Amino acid sequence: MPKKIGIEAILIILALVVLVTMPWLTQETYVFHILCLIGINIIFAASLNAILNIGELNLAQSAFMGIGAYASTLLVTRVGLSFWFALPLAALITAVISLLIGLLTLRFRGAYFLLFTFLFAELIRILLSNFGISVFGGIPGLTNIPRPSIELGSLIKISFDSKIEFYYLILLITLGSIAILSRIDRSRTGMIFWAISQSESLTESIGIDSMKFKILGVAIGCFFAGVAGSLYAHFVGIITPTDFAVHSVLAPIAYVVVGGMGTVFGPVIGTTFLMVLSHFFLRELGFYELLVYGLIIVGIIRFMPEGLISIPNFIFSRFPEASGSGK
Amino acid sequence: MEWSLLAQGGLNGVMLGVNYALIALGLTLIFGILGIVNFTHGEMYMLGGYVAYYFFGHFGLNFFATLALSAVLVGALGVILEKFIFRPLTKRPKLELTSLIAAVGLAWVFQMLAIIAFGDLDKNVPSAFKGILRMSGVVITVERLATIIIGLCLVVLLNVFLLKSKTGMTIRAVAQDKEAAALQGVSVDRITALTFGIGCGLAAISGALIAPIFGISPNMGGEVILKAFLVVILGGMGSVPGAMLGGLVLGFVESFGCLFFSVPTVMVLTFSIIILILILKPKGLLGHA
């Protein structure tokens, strides 16, 4: 289908041009604030999706983002590392912790994984709010988290204090994360993840150790949750345990489901669509916004399970069932 | 003194346990027959509480009639949800994942609707049973005792229904093997809807029963669903005796734990115990391998 790929490439290039030239289009601080949040949420939704790719829903995904956020903050404020080392290190710490959880929970299929991750998310929230208050700050959390800066000698000094500079940083990391995840998706490992999500027993029957790959899938997903957490902490400047409680995973689930589960660009499209909608067009909805999100989740799952990303398939292809990524 | 404190803790443990068991029984029945983890279960419990608040607290309906009404109303809601949301999903691949996301979304919708309709403040429901019983230093309100007795009766009734009645046997048959049951002339769709209704009804009764003791709020479902999940994990997914045992274990652990430790410590302890049990017995205490 060379024609379809052409259209996709053109759209991606167009989007990139708009994103890069954004500061020349508008100077509104609010726009950049929201764009930064969209970037962070795209990374997070993609990380949630990476675990949906192996057929599991991780309710502790926000908790893992929280682990990344707290780890990165403490590495900067307590250990004195620079942000540039703290970000990858925090993501690694998150991935390692998820390895342990994966080893414990992935023996149980489906429902058990979900319930276990639900427990884990609550456990993390309770631990962060009630124990080690001198380190984790208890329920008020941690404040005054510094913005990153680059100093090379005395000549070059870039501080990411302004929204526009931070915007470019987040844009870069978001694009990098999506590139890496799409690379994994197209690799042999990505194929195996997909196979496991379709039928685990069938995958095992051709000699693939599905347990190993499921743990790997969870670790990859949680690594990027850690990246999102670290960015969030240094962008917003305040983190509290409730920011990462179970309910905060609901909006990202909506992003992924609306965009299209199990695809690389689904979470990107879903996050952008819903966040632009809610922050620029539905702001007066206020409280009802959450209700609308809930209805959207149920409606999409019920009537359009492949999400927004499946729409072009219907328009561009005369045989929609032949061009989708399997049924 | 020591003895009375233990007896007190034991009674509270039984009350919590029976309540958890009622919710978890519905959850485990629905899982057994549909393979769906019904995340909206906590919201059914919450709606049961509001039925008690309005019909018993405001309209002065008899308490037992209120319990029955909450089961009927919320049970009917369960049947509707099953028919229009969950059943269509069972015809598609990845049922576990899609039904779960749908249930998570629905739970959210109900919670928001409850806040919009009833306000987000905690509300009190008047007590249906007045008075206090004293026996050699142990003090218990008649209300709590009545809750225990009603709850136990319901658990026993449900068991008799499942084990002895024809419909109960059909439910168990469908849970074991859908195709084989269909071959025997069982209408699987009808039984599935009925089970969903019964499960949601049980959660509603539990919410209505506990409403006068703990009060109600739109987010009470979110708090209790975690406990119900704990009970189901502990007892084994799909196991009815497991749900009852799990409920009692959790009730006792919480009740006695709170006598000796702070609440957060108890929660951490509870989670650790459950994780330990699961490592040793991955399918729960009474689950089938």
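As the structure is a prediction and not an experimental result, all values here were calculated from the model. Lettering of chains follows the sequences in order, A, B, ..., and the numbering in each one begins at 1.
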Which atoms of B/Ser272 come close to chain A, meaning under 4.5 Å heavy atom to heavy atom: side chain ones, backbone ones, both, or neither?
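The answer is neither part of B/Ser272.
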Measure distances from B/Phe31 to the heavy atoms of chain A and classify the residue's part below 4.5 Å as side chain, backbone, both or neither.
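Only the side chain of B/Phe31 comes within 4.5 Å of chain A.
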The single option from B/Val268, B/Leu226, B/Leu230 passing side chain to side chain contact (heavy atoms under 4.5 Å, CB included) against A/Glu122
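That would be B/Leu226; it is the only one of B/Val268, B/Leu226, B/Leu230 passing the side chain to side chain contact (heavy atoms under 4.5 Å, CB included) with A/Glu122.
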Nearest atoms (heavy-atom pairs only) where B/Ala102 meets A/Val298:
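B/Ala102 and A/Val298 have their closest heavy atoms at O-CG2, 3.7 Å.
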So how far is it from A/Phe118 CZ to B/Ile225 CD1, rounded to the nearest 0.5 Å?
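Answer for the CZ-CD1 pair, A/Phe118 versus B/Ile225, is 7.0 Å.
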Can you measure from CG (B/Leu106) to CD1 (A/Ile297) and round to the nearest 0.5 angstrom?
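So the CG of B/Leu106 and the CD1 of A/Ile297 are separated by 9.5 Å.
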Residue among [options] with most heavy-atom pairs under 4.5 Å to chain B:
options                              : answer
A/Ile296, A/Leu291, A/Asn130         : A/Leu291
A/Val246, A/Leu123, A/Ile300         : A/Leu123
A/Ile126, A/Leu250, A/Leu57, A/Leu59 : A/Leu250

Please classify the contact of [X] with chain B as side chain, backbone, both or neither, using a heavy-atom distance under 4.5 Å.
X        : result
A/Leu119 : both
A/Ser197 : both
A/Phe120 : neither

Assess whether side chain to side chain contact (heavy atoms under 4.5 Å, CB included) is satisfied between A/Leu127 and B/Phe271, documenting all intermediate values.
CA-CA 12 Å; A/Leu127 285 174; B/Phe271 290 172; over 6 Å; no
Is atom CE of A/Met304 surrounded by more than 12 heavy atoms (other residues, nucleotides or ligands) closer than 6.0 Å?
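Atom CE in A/Met304 is crowded, with more than 12 foreign heavy atoms closer than 6.0 Å.
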Heavy-atom pair count under 4.5 Å with chain A, highest-scoring of B/Thr98, B/Val104, B/Val37, B/Ile101:
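Max contact count across the listed options: B/Ile101.
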Run the side-chain donor-acceptor check on residues 247-254 of chain B: report pairs under 3.5 Å with partners two or more places apart or on a different chain.
{"unit_1": "B/Glu254", "atom_1": "OE1", "unit_2": "B/Tyr20", "atom_2": "OH", "d": "2.7"}
{"unit_1": "B/Glu254", "atom_1": "OE2", "unit_2": "B/Lys227", "atom_2": "NZ", "d": "3.4"}

Taking the six-membered ring for Trp, are the ring centroids of B/Phe229 and A/Phe116 within less than 6.0 Å of each other?
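Ring centroids of B/Phe229 and A/Phe116 are no less than 6.0 Å from each other.
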Counting distance only, does the side-chain N/O of A/Arg302 pair as donor-acceptor with the main-chain N or O of B/Leu89 below 3.5 Å?
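Looks like no, no N/O pair under 3.5 Å.
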Applying a criterion of heavy atom separation less than 4.5 Å, what residues of residues 108-119 of chain B form contacts with chain A?
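Within residues 108-119 of chain B, near chain A: B/Trp108, B/Val109, B/Met112, B/Leu113, B/Ile115, B/Ile116.
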